[in-house]
Protein chains: 2
Amino acid sequence: MAGKREKKSYVTTEEKIKAAARKVFMQKGYGASRTRDIAEEAGINLALLNYYFRSKEKLFHEIMMERVQHLFGAVAPIINDPSLSLESKMEKLASAYIDMLLENPDLPMFVLNELRKQPDLFKSQMNIEQLLKNSSFIKQLREKRSDVEPAQYLMNIMGLMLFPFLAKPVLLATGLAGEKNFGTLMNQRRQLIPKWIKAILQTK
Amino acid sequence: MAGKREKKSYVTTEEKIKAAARKVFMQKGYGASRTRDIAEEAGINLALLNYYFRSKEKLFHEIMMERVQHLFGAVAPIINDPSLSLESKMEKLASAYIDMLLENPDLPMFVLNELRKQPDLFKSQMNIEQLLKNSSFIKQLREKRSDVEPAQYLMNIMGLMLFPFLAKPVLLATGLAGEKNFGTLMNQRRQLIPKWIKAILQTK
DNA sequence: GTCTATAAGGGGATAGAC
DNA sequence: GTCTATCCCCTTATAGAC
């Protein structure tokens, strides 16, 4: 696999390929991506891609794991911190997430869509099931609302943050938001979402 | 295009192909779908597919238009009915949408994802921009909350309904919901979402 | 490590028989 | 309308020179 972690300041060929693969896979998805496009985007030859990663599938797998981690990685430390109140958890979540998503607007659609086609990609990587169910977040939700399943609120929180990015093309096409306006709307949501969730949790 | 609307009780070849295309395109997306798979799924020959639809692209276009209509078609009549209060609009929306989505769980992901790759597919079909901006729904939202853009609430409503279906693979993979449990959760949301939206609209 | 050339097969589309 | 056979380009992957 050619020397891992070289810590050089210049960009290695491996990294150039990965960056190109990230871009192409995210734009077109696995099936519609061609290794030729990735090689060209990386400014190298097609044969070299196979030299480093052996196959399109293996390259995709690396990118996919990395992207899943990037999408959900920020959640775990916040959700699991027992020293944070439910409210401050939500503020931190919204803030961290909106920032990350503004820099990676296509990330949620890519990950959720590819995960749908290959659900096992998820299970293999980490054991989120246990991590979630024992989290202080779930405990706090249960305390606050014993009448509604925590999963409902988890969907709400994630949905309020992620959905605008998933629906971005529709928002732009329908004129509900312009490209610059979109950023403003999302920045407003950084403050609004925690308030909304709080209101949702108090519904009778 | 071989006799439109034959109103026969038996299924025409054209319909068999469309049904197969719907299934395959929805599962794999345009780029990863092969016309050979569609033909096999339809129980016919590959040549026949081209005889009816001339090309993969034209077939896809028909399916896509139909699916977009199916996903958003139910919204317009409700949103535009000035005789409905904001609250009853939301109840009707949630109810109609959850029903439809339970029967077409993959529809939102398919449409949003393909729309991202071909944003112009949307504009061509209908003029949603005007339809939306003049809707009584938007007017009612503005009256209720002049301090927050209506688009924010529109994203919330659609997000609360659609997001669980977009994230379904993750919910299943993480054990947050089982396949049967998922239906129960969504049926609960039918009643919960209007209440949540009401609470959101009253946030200070 | 990186290239050119090429093998081996996949995929969309059509010709032409029935 | 429906089929079989086929064309031809595109794609992944590897062999082998440098």
Side-chain angles (χ1 to χ4, degrees), chain A residues 1-65 110 114 117-118 121, chain B residues 1-65 110 114 117-118 121:
Chain A
M1 192 67 65
K4 290 223 170 193
R5 304 283 155 264
E6 307 224 343
K7 310 271 182 176
K8 303 275 184 162
S9 63
Y10 57 81
V11 182
T12 65
T13 300
E14 188 176 351
E15 257 314 319
K16 275 195 288 188
I17 297 173
K18 284 182 83 168
R22 215 173 283 132
K23 181 173 174 183
V24 174
F25 281 141
M26 294 249 293
Q27 269 174 20
K28 314 200 191 198
Y30 175 76
S33 293
R34 288 163 307 167
T35 50
R36 280 181 150 77
D37 292 343
I38 295 174
E40 190 186 358
E41 175 76 32
I44 53 107
N45 188 278
L46 172 59
L48 208 47
L49 187 151
N50 285 290
Y51 171 76
Y52 276 97
F53 294 94
R54 298 210 7 114
S55 77
K56 178 187 176 183
E57 204 179 341
K58 288 205 172 60
L59 173 54
F60 177 75
H61 197 261
E62 278 205 34
I63 299 295
M64 187 65 185
M65 293 296 97
F110 170 72
E114 296 299 328
K117 296 179 199 157
Q118 319 222 358
L121 279 181
Chain B
M1 192 66 70
K4 288 223 169 191
R5 304 288 154 259
E6 307 222 347
K7 308 273 180 175
K8 303 274 183 164
S9 64
Y10 58 80
V11 182
T12 65
T13 301
E14 189 177 349
E15 257 315 320
K16 275 195 289 189
I17 297 173
K18 284 181 83 167
R22 215 172 284 133
K23 181 173 174 184
V24 174
F25 281 141
M26 295 249 293
Q27 268 174 22
K28 314 201 192 196
Y30 176 77
S33 293
R34 288 165 306 165
T35 51
R36 284 178 152 83
D37 291 344
I38 296 175
E40 191 186 358
E41 176 75 32
I44 54 110
N45 189 279
L46 172 59
L48 208 46
L49 186 151
N50 285 289
Y51 171 75
Y52 276 98
F53 295 95
R54 300 219 356 120
S55 77
K56 178 186 177 184
E57 205 178 341
K58 286 204 173 60
L59 173 56
F60 177 74
H61 197 260
E62 278 204 34
I63 299 296
M64 187 65 184
M65 293 296 97
F110 170 71
E114 297 299 327
K117 296 178 200 159
Q118 320 224 354
L121 279 182

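Numbers restart at 1 for each chain; the letters A, B, ... are given by sequence-line order, proteins then strands.
Under the rule for a ring-ring contact (aromatic ring centres under 6.0 Å, His included), the partners of A:F25 that lie at least two apart in sequence or sit in another chain are A:F60. For B:Q118, the side-chain contact (heavy atoms from CB on, under 4.5 Å) criterion is met by B:D120, B:L121, not counting sequence neighbours. Remark: B:K16 pairs with no residue by the salt bridge (Lys or Arg N to Asp or Glu O under 4.0 Å) rule, at least two apart or across chains. In this structure, B:K58 has no salt bridge (Lys or Arg N to Asp or Glu O under 4.0 Å) partners at least two apart in sequence or on a different chain. The salt bridge (Lys or Arg N to Asp or Glu O under 4.0 Å) search around A:K28 returns A:D37, not counting sequence neighbours. Remark: A:K23 engages A:E41 in a salt bridge (Lys or Arg N to Asp or Glu O under 4.0 Å) (not counting sequence neighbours).
As a whole-Å value, the separation of B:I17 CD1 from C:dA13 P is 13 Å. Per the geometry, CG belonging to B:L49 stands 16 Å off C1' belonging to D:dT4, to the nearest Å. Note: NZ (B:K56) to P (C:dG11) measures 9 Å, nearest angstrom.
Residue A:Y52 has a polar side-chain atom (N or O) positioned under 4.0 Å from OP1 or OP2 of C:dG1. The phosphate of D:dT2 (OP1 or OP2) has a side-chain N or O of B:T13 nearer than 4.0 angstrom. Contact annotation: B:R36 side-chain N/O to C:dG11 OP1/OP2 distance is not under 4.0 Å.
Rounding to the nearest 0.5 angstrom, the gap separating the CD atom in B:E114 from the OH atom in B:Y30 is 9.5 Å.
Sorted by residue number, the members of residues 38-48 of chain A with any non-hydrogen atom under 4.0 Å from DNA chain D read A:L46, A:A47.
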### 5'-to-3' dot-bracket of DNA chain C (Watson-Crick, G-U; under 3.5 angstrom; crossing pairs as [ ]; | other strand)
||||||||||||||||||
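With hydrogens and angles ignored, the 3.5 Å screen pairs no side-chain donor or acceptor of B:K18 with any backbone N or O of B:L59.
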